[in-house]
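All ligand and atom numbering here is 1-based and tracks the order in the structure.
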Amino acid sequence: MPFRKRAPTLTGRLRWDIIIIFCVLLVVGAIGTLEFVARNVSATLHQYIEERGALLADVLADQLEDPLKRGDHETVHFLVTTESEHCAYLLLTTPGGHRFAAAGHESPAPPALLAIAPTQAPIPVTFEGEPMLDVSAALPEGQGVVRVGVSLAPVTSARQSVVIAVLESTAVVLVLGLSFVFWLAGLITRPLSLLGDAATRLSRGETSVTAPLGGHAELQTLAETFNDMATQIRLRMAQSEAMRRLTHETLEGLPVAVLVCAPDGEVRFANDRARPLTAFALDALFPGGHPVHPRPRALQSPEGRHFDVTTAEVEVDGAPGVLVALADVTEVHQLSARLHRVERLAVAGEVSAGIVHAINNPLDGMRRALDLARRQPENAERVAHMLELATEGADRIGQITRTLLDFARADDRPVRRAVPAADLISEAVALVSLRAEARRIVIERRVDPESPLAFVDPRSFTEVLVNLLVNALDAVPSGEGRIEITARASTTGGVTGALEFGVSDNGPGMSPDVAAQVFEPFFTTKAVGRGTGLGLSVARRIVGAHGGELTVESASGTGSRFIVKLPPQPDEPNGTEV
Ligand code: ADP
C-alpha cells in the first residue's frame with residue numbers, strides 16, 4: 001500500500017495555533033513594554049543626574065567666586081575637594097591655567113581626571129571605567145570653568161533592573177498564559193478530539209463506542225449525530241451478523257451439498273456436506289479450471305452415488321460466480337429404477353395384451369395353412385406354399401415376442417449413442433402398432449429429413465416414445481383416433497442442432513388442472529388396474545437425464561401434444577453414460 005502522509009489533526013493544529021499566537025503577542029508586548037519603560041526610566045534618570053550636576057556646578061561656581069577673586073587657592077582647593085564628595089569628580093580650570101581637580105575627596109586627583117579637556121562644552125567621558133555625565137558651568141567674569149562629572153552607573157543599573165523586572169514578569173505571564181492557553185485550547189478542542197477518538201475506535205470495529213455529549217451546541221449536535229450513526233452501524237452489524245449466521249446455519253443444515261465457486265472453479269464456500277464431494281464436483285463442472293457448457297444436471301460419483309445438480313449464477317466478492325447444489329438422489333434413483341421397472345412391466349403388460357391379440361392372427365393363419373397342407377399332402381406345391389406361410393407366421397410371432405422381451409428386460413447400463421430419429425420412432429410405433437391396428441387407430445409419422453441424429457440411449461428413449469404413444473392410444477376413441485408422431489430440428493437457448501419429438505392426438509385433451517399434475521408420480525385418471533401414474537414421471541426423468549425437456553400442450557377438447565426437446569449432440573458423442 002502506498003505510504004500516505006497523515007494530515008495534522010485539527011485539534012492539534014488549533015492548539016498550536018493558539019499557543020503560537022499567544023507567544024508572539026506576549027513577546028511583542030514584552031519587548032514594547034521593555035523598550036518603553038527602559039527609555040522613560042533612562043531619560044528621567046538622565047535628566048535628574050544632569051540637573052543635579054548642573055546644580056552642583058552652579059553652587060560650586062558661587063562658592064568659588066570670592067576665593068578665586070582673592071586668589072585664595074587653598075580655599076579653592078578645599079572647596080573643590082569637599083564638593084567632589086557629591087559627584088564622581090570636579091575639575092576647575094582658571095584662565096590663569098590653574099587646574100583644581102578632585103574625585104571623591106581624593107587628592108591629588110587621579111591622572112585620568114587631569115587628562116579631561118578643559119573646554120566648557122560637555123563631553124561624554126568614561127572615568128575609571130564608568131560612564132560619566134559631564135556638566136560644565138562657567139564662573140562669572142571669566143574666572144574659569146567648572147566641570148562636574150556625575151556617574152551614569154545608576155542609570156545603567158536602573159535600566160538593568162527594569163529589564164530584569166520586565167523579563168521576570170514576562171516569564172511569569174508566559175507560564176501563566178501558557179497554562180491558560182493550554183487549558184483554553186483543551187476546552188475548545190477536547191470535545192473534538194474525544195469525537196475523533198470515538199470515530200477512530202468505531203472504524204477499528206469497536207461498535208459499542210459513544211461520543212461524549214459535552215461542549216458547545218455544534219459539537220453536541222455532531223456528537224449526537226455520531227452516536228446515532230454508531231447505533232445504526234451497531235444495528236446493521238447485528239442484523240448482518242444474524243443474517244450471516246442464519247445463512248450459514250441454513251446452508252449447513254440443507255440436505256444438499258452447496259459449493260460457491262469463482263468462474264475458474266476456485267472454491268469460495270463449501271458446506272459440510274460439500275467438502276467430501278468438492279474434488280469430484282470440480283472435476284465434473286470445471287475440468288482444467290474451465291466451466292463445462294451446458295452444465296450437467298446429474299452426476300454420478302466414482303463411488304456410484306447419484307446427484308441432481310442445480311446451478312445458479314451468483315456474485316462472489318463483486319465478481320460473477322456459480323452456486324452449485326448437489327442433491328444426493330441415490331435412494332430416489334434406486335427407487336425410481338424400481339418404479340421404472342414396474343412401469344415398464346405395466347406398459348409391457350398393456351403392449352402384450354395387444355400382442356396376444358395380434359399373435360392370434362398369424363397363429364390362426366399358421367393353423368389354417370398347416371390344416372390346408374395336411375388336407376392335400378399330394379399337392380406338393382400348395383403344401384410348400386402353406387408351409388412358407390406358416391413359417392412367415394412363426395417368424396412374425398418370433399419378432400413380436402422378441403421385441404416384447406427386449407422391452408421388458410431388466411435395465412442394462414444405459415449408454416447414449418447417435419441414432420436416427422426415424423429409427424427411434426419406427427421402433428416405438430412397432431411396439432404399439434398391433435394395439436393401434438386392433439382399435440383402428442391411425443398413427444402417422446412425420447420425420448423432417450433435416451433432423452439431426454438423436455444422441456440417446458435407444459432403449460430408454462424408445463420407452464419414452466412408447467409411453468407417450470400408449471397414453472395417446474388410451475386417450476383417442478377407437479375407429480376415429482388419429483395420432484401423429486414427429487421429429488424435427490429445433491433450437492435451444494439460441495443454439496441450433498437440437499432435436500424435437502412431438503406426439504399429438506385428437507383425444508379429449510386435459511383440463512389445466514390435470515395438465516399441471518401429469519408429470520407427478522402416481523398421478524392417473526385411468527381406472528384402477530389400468531394406469532400406474534408413473535409413465536410420464538419416468539419419461540420426464542429419462543428425458544432429463546439426456547439433458548432434455550418433456551412438456552405438454554393441452555386443453556380440454558383440443559387434444560394433447562407432448563414435446564420432447566433434446567439438446568445438441570456433444571462433441572464426443574459415442575459411448576456416454578446416461
Ligand atoms: P398412466 O398412463 O398410468 O395414468 P401416466 O403418467 O402415463 O400414467 O399419465 C398420467 C395421466 O396423464 C393419465 O392418467 C392421463 O390422465 C393423463 N394423460 C397422459 N397422456 C394423455 C393424453 N395424450 N391425453 C389425455 N390425457 C393424458
Which atoms of ligand 1 are found less than 4.0 Å from any heavy atom of [X]?
X	result
Phe523	10 (C), 11 (C)
Thr524	1 (P), 4 (O), 14 (O)
Gly535	5 (P), 6 (O), 7 (O), 8 (O)
Val518	6 (O), 12 (O), 17 (C)
Asp505	22 (C), 23 (N)

- request: Assess whether salt bridge (Lys or Arg N to Asp or Glu O under 4.0 Å) is satisfied between Arg245 and Glu249, documenting all intermediate values.
  value: CA-CA 6 Å; Arg245 213 174 299 140; Glu249 279 165 14; 5.4 Å; no
field: Any N/O pair Ser537/ligand 1 closer than 3.5 Å
entry: no
field: With Arg305, the side-chain contact (heavy atoms from CB on, under 4.5 Å) member among Asp328, Leu299, Leu277
entry: Asp328
message: Can you tell me how far apart CG (Leu473) and OG (Ser433) are? Round to the nearest 0.5 Å.
response: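 Reported value, rounded in 0.5 Å steps: 9.5 Å.
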- prompt: Relative to ligand 1, is Phe562 under 4.0 angstrom through side chain, backbone, both or neither, heavy atoms considered?
  reply: side chain
task: Of the side chain and backbone of Val470, name the one, both, or neither that has a heavy atom under 4.0 Å from an atom of ligand 1.
output: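 No part of Val470 comes within reach of ligand 1.
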message: I'd like the name of whichever of Met510, Arg561, Lys526 reaches closest to atom 18 (N) of ligand 1 through any heavy atom.
response: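 Among Met510, Arg561, Lys526, the closest heavy atom to atom 18 (N) of ligand 1 comes from Met510.
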Shortest heavy-atom approach to atom 13 (C) of ligand 1 - which of Leu536, Val538, Thr525, Asn506: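 Answer by nearest heavy atom: Thr525.
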task: Carefully, step by step, assess Arg561 and Ser554 under the rule side-chain contact (heavy atoms from CB on, under 4.5 Å).
output: CA-CA 6 Å; Arg561 177 172 157 77; Ser554 181; over 6 Å; no
task: Kindly assign one of parallel, tilted or perpendicular to the pair Phe501 and Phe461, based on the angle between their ring planes and the thresholds 30° and 60°.
output: tilted
- prompt: Does a side chain donor of either Ser426 or Arg445 reach within less than 3.5 Å of an acceptor in the other side chain?
  reply: yes
- request: Scan side-chain atoms only and decide if Asp228 and Thr231 contain a donor-acceptor pair under the 3.5 Å cut-off.
  value: no
message: For Gly507, state whether at least one heavy atom is located under 4.0 Å from any atom of ligand 1.
response: no
message: If we check salt bridge (charged side-chain N to carboxylate O under 4.0 Å, His left out) with Asp371, which of these qualifies: Arg367, Arg368, Arg374?
response: Arg374
